[in-house]
Chemist: 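Quick one: this structure, given as structure tokens, is what I'll be asking you about.
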Amino acid sequence: MTQATARHILVDSEAKCEELKKAIEGGQDFAEVAKQHSSCPSGRNGGDLGSFGPGQMVPEFDKAVFSSDLNTVIGPIQTQFGYHLLEVTSRS
């Protein structure tokens, strides 16, 4: 079964998500931005979600994880939890 490892940042608005994406693309460290801004408990760990397979995350998130390029910040992705920035760090 396919497995992915990813990290994410969860915020409450699309505008905040876009602002953080620009900061990361401008050179800020993803993990540090996650620690400072993510409302998900994973933020304490730099947004690290560990390893998971298809169907273990909400559908919008799942689709992005298993179809996006590796090591690229994608988003905003809207789910029932808010707006996410996502970086897939590996897939096998």
Side-chain angles (χ1 to χ4, degrees):
M1 182 203 295
T2 302
Q3 290 284 300
T5 56
R7 54 190 185 169
H8 83 132
I9 298 169
L10 175 63
V11 294
D12 62 0
S13 76
E14 188 172 9
K16 183 67 172 180
C17 208
E18 291 284 2
E19 175 188 322
L20 296 177
K21 183 176 185 178
K22 285 180 185 156
I24 294 165
E25 289 172 341
Q28 287 194 22
D29 182 65
F30 190 103
E32 286 303 313
V33 173
K35 287 176 186 176
Q36 293 173 17
H37 298 281
S38 185
S39 61
C40 180
S42 69
R44 291 190 300 270
N45 299 319
D48 186 16
L49 296 169
S51 182
F52 52 91
Q56 291 185 275
M57 300 289 181
V58 294
E60 304 90 343
F61 203 85
D62 208 52
K63 180 180 176 190
V65 166
F66 292 99
S67 67
S68 67
D69 292 334
L70 295 179
N71 302 309
T72 301
V73 177
I74 59 169
I77 299 165
Q78 185 178 9
T79 70
Q80 74 259 33
F81 301 106
Y83 293 86
H84 305 259
L85 288 180
L86 172 67
E87 182 182 41
V88 181
T89 53
S90 72
R91 197 169 30 238
S92 59

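Since this is a predicted model, take the numbers as computed values, not measurements.
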Chemist: Should E19 and K16 count as side-chain neighbours, where that means a heavy-atom distance under 4.5 Å?
Modeler: yes
Chemist: To the nearest 0.5 Å, what is the distance between CD on E87 and OG1 on T72?
Modeler: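 Answer rounded to 0.5 Å: 7.5 Å.
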Chemist: Distance check, rounded to the nearest 0.5 Å: H37 atom NE2 versus L85 atom CG?
Modeler: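 Atom-to-atom, H37:NE2 and L85:CG are 11.0 Å apart.
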Chemist: Parallel, tilted or perpendicular: which one describes the rings of F61 and F52, with boundaries at 30° and 60°?
Modeler: tilted
Chemist: Quick check against the 3.5 Å criterion: does S38 have a side-chain atom that pairs as donor or acceptor with the backbone of L10?
Modeler: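 Checked: pair present.
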Chemist: Go through it in stages, so that I can follow the logic: the residues are V65 and M57, the test is side-chain contact (heavy atoms from CB on, under 4.5 Å), and I'd like the CA-CA distance, side-chain angles, deciding distance and then a yes or no.
Modeler: CA-CA 9 Å; V65 166; M57 300 289 181; 5.7 Å; no
Chemist: Look at the side-chain heavy atoms of Ile, Leu, Val, Met, Phe, Trp and Tyr, link any pair under 4.5 Å apart, and say whether Y83 and V33 land in one connected group.
Modeler: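 Same cluster: Y83 reaches V33 through Ile, Leu, Val, Met, Phe, Trp or Tyr contacts under 4.5 Å.
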Chemist: Would you say the side-chain atoms of E60 and T79 include a donor-acceptor pair closer than 3.5 Å?
Modeler: no
Chemist: I'd like to know if the side chain of D62 and the backbone of P54 have a donor-acceptor N/O pair within less than 3.5 Å.
Modeler: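 Absent.
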Chemist: In terms of hydrophobic clustering (I, L, V, M, F, W, Y; side-chain heavy atoms under 4.5 Å; direct or indirect links), are L49 and F66 co-clustered?
Modeler: yes
Chemist: Counting only heavy atoms not in D29 (residues, nucleotides, ligands), do more than 12 fall under 6.0 Å from its CG?
Modeler: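 Atom CG in D29 is crowded, with more than 12 foreign heavy atoms closer than 6.0 Å.
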Chemist: Should T89 and N71 be marked as a side-chain contact (heavy atoms from CB on, under 4.5 Å) after you check the CA-CA gap, both sets of side-chain angles, and the distance that decides it?
Modeler: CA-CA 5 Å; T89 53; N71 302 309; 4.2 Å; yes
Chemist: Should K35 and E32 count as an ion pair when the cut-off is N to O under 4.0 Å?
Modeler: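 Yes.
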Chemist: Identify the two heavy atoms, one from D69 and one from V88, that lie closest to each other, and give their separation to 0.1 Å.
Modeler: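 For D69 versus V88, the nearest heavy atoms are O-CB, 4.4 Å.
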Chemist: Restricting to non-hydrogen atoms, name the atom on R91 and the atom on S68 that form the minimum distance, rounded to 0.1 Å.
Modeler: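 Minimum heavy-atom contact is NH2-O, 2.7 Å.
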Chemist: Nearest heavy-atom pair of H8 and A34: which atoms, and what distance?
Modeler: O-CB, 4.2 Å
Chemist: Salt-bridged, K21 to E18, with N to O below 4.0 Å?
Modeler: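 No, this pair does not count.
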